[in-house]
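Taking it in order: structure first as C-alpha cells, then the write-up.
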Amino acid sequence: MSDKHYHIETLAIHAGQVPDPTTLSRAVPVYRTTAYAFKSSQHGADLFALRESGNIYARLMNPTEDVLEKRLAALEGGKAALALSSGTAAIYFTITNIARQGDEIVAANNLYGGTYTQFDAILPQQGIKVNFTPVNDFAAVEAAINEHTRAIYIETVGNPGLDVADIDGYAVIAKKHHLPLIVDSTFTPPTLLRPIEHGANLVIHSLSKWIGGHGTAIGGAVIDAGNFDWTDPKFALYNEPDRGYHGLRFAHDLGPGNEIAFALRLRTVGLRNQGPTLAPDAAWIFLQGLESLALRTAKHSENGRAVAEFLQKHPKVAWVKYPGFNPLSEKYLPDGANGMVVFGVKGGAKEAQKLVDSVDLFTIIANVGDAKSLIIHPASTTHSQLSEEDQIKAGLPPELIRLSIGLENKDDIIGALDEALNRI
Ligand SMILES: *Cc1c(COP(=O)(O)O)cnc(C)c1O
C-alpha cells in the first residue's frame, strides 16, 4: 500500500498487507509454523544479534500476526502494535512492561471485572500497588499520584455504568507528571474512537469483542503510540541494563527504535521470555473481523441507540444508560456510541432475572461485542462475588440488566425486549 492517507474504512481492509509474494494469495495466509529456517548460520547469527530483522521463532513473531499488528497500529494511529493471547494478557504484560516491585499505578475504579481483580488482587502479590480513583475525578487522580507512580490506566467506556472517560483531562495530568496514559479502548474500536488522538500513549484492545466481532476467538493487543519518552530514570526497566538482553538499555540503545521502546521490550522480554503468544489462526479471525469493522460498529451504534431510546420510553423501565446519552460522547464518540446498553427494570433483582430468563432472541452470556444480541444480570453472575453493598458501590444495583446489542434487525431486537418487559 502506498503512503497515501487513506480513510479508516480503507485501512481496516488493506493496512499492513500486500499479496503474499511467493503465492500471490490475496487473503492473508495463516502461517501455521513454530519456527523459520535460517538461510545460513551467518543469517541465524545476524537475526539473533538483531543486526538483521526477520522471523526466528513463532513465540515472538508470525507473518499472520505481523499483518494484524501493522493494521491495528495504522487504525489507532500508533507506531507499533503487539498481538497477545488475550485482552487480559495484553493488560498484564503492558503493566509489567512498565512497573516492577515497589512501583504503583493509578487506575479508574470502573474497570472490566477481570482487570479490576488483576489490579486489586494479583498485581499487589507482585509488589505493584494500584490506587483506584473514581472515573473523571481529576483531583483524586492528582492526589493518588506519588513518586512511585509509573502509569495512569483508564477505559474509554467503563463497566457496567458505561461512563465515558474524559481522555483529554487524563492526558493533561499524565503529561504533567510524565506518566504514560494507558487506555483500554475495547468498548470503542478505532472506527469509533482513537485514544492516541486524545493524548493516550498506549492503547489496549480485547480483540475477543467487537474487533473479532462474532464471538469466535480470544485475543488481545497493545498499540504503542511511540510518543512517550522512556529515558526518565524512574522507568527502571528502560534505563537499567537488561540482564536478559546483553545489558541492553531499552530507552537508549535501540537507535531509531527508542521511539517504540515499549513495543520492542514487550516483544523481546514479554513475548520472548514470558510467552503470552496469540495463535495464528486466531490472528486470522481478527483480520477477518477488521475488514467489516466499520460497517459493524455503525450498525451496533444504530441498533444500540434505538434500543436505548425504546427502553427510555417503556413504563416497566426505571432508568437507562447508554454512552451516547453522555454529554462527553459529542466529543469522543461523534461517529456512534456502539452497542452497549444497561438499564434497570422496575421491581428489582427478581423482575430483572425474570426478564433475562424469558426474553426471546437474546442469549444469556458473560460476553459482549458479538454479532448476536446478548443479555446478562450482572448482580447474580459476573459480580455475584461482591456483597450487595459493594455491588451498589460499584454502580451495580440489583435491578441492572446489561445488553450487548448485535447486528439483527432492530425491530426484532426491540420487539423481543418489549414482549419480555410486558410479561413482568
Ligand atoms: C473482555 C475485556 C477484557 C479482557 O479481554 P479477554 O480477551 O477476554 O481476555 C479487557 N477489557 C475489556 C474492557 C473487556 O471488555
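Ligands are counted one by one from 1 in listed order, and the atoms in each one are counted from 1 as well.
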With a 6.0 Å cut-off on ring centres, are [X] and [Y] close enough?
{"X": "Y6", "Y": "H14", "value": "no"}
{"X": "F119", "Y": "Y153", "value": "yes"}
{"X": "F228", "Y": "F235", "value": "yes"}

How far is atom 9 (O) of ligand 1 from its nearest protein heavy atom, and which residue and atom name does that atom have?
->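 For atom 9 (O) of ligand 1, the nearest protein heavy atom is T88 OG1, 2.7 Å.
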
So which protein heavy atom does atom 11 (N) of ligand 1 come closest to, and at what separation?
->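 Closest protein heavy atom to atom 11 (N) of ligand 1: D184 OD2, 2.7 Å.
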
Is there any N or O on S206 that sits under 3.5 Å from an N or O of ligand 1?
->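 By distance alone, the answer is yes.
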
Taking only heavy atoms of [X], which atoms of ligand 1 are found under 4.0 Å from at least one of them?
{"X": "G219", "value": "7 (O)"}
{"X": "I91", "value": "10 (C)"}
{"X": "S208", "value": "6 (P), 7 (O)"}
{"X": "G87", "value": "5 (O), 6 (P), 7 (O), 9 (O)"}

Using heavy atoms and a threshold below 4.0 Å, how should the contact between N159 and ligand 1 be classified: side chain, backbone, both, or neither?
->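 Within the 4.0 Å criterion, N159 makes no contact with ligand 1.
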
So, do N201 and I182 sit near enough that their side-chain heavy atoms are less than 4.5 Å apart?
->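 In short, these two side chains do not touch, never coming nearer than 4.5 Å.
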
Do F362 and I413 have side-chain heavy atoms sitting under 4.5 Å apart?
->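 Yes - at least one pair of side-chain heavy atoms lies under 4.5 Å apart.
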
May I ask you to establish whether K313 and F343 are in a cation-pi arrangement, using a distance under 6.0 Å from NZ or CZ to the six-membered ring centre and at most 45° from the ring axis?
->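 K313 over F343 ring: no.
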
Salt-bridge present (D103, R150; N to O < 4.0 Å) =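 Looking at R150 together with D103, the answer is yes, because their closest N to O distance falls below 4.0 Å.
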
Counting heavy atoms only, which of H205, E155, K209 is nearest atom 14 (C) of ligand 1?
->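 Residue with the shortest heavy-atom distance to the ligand atom: K209.
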
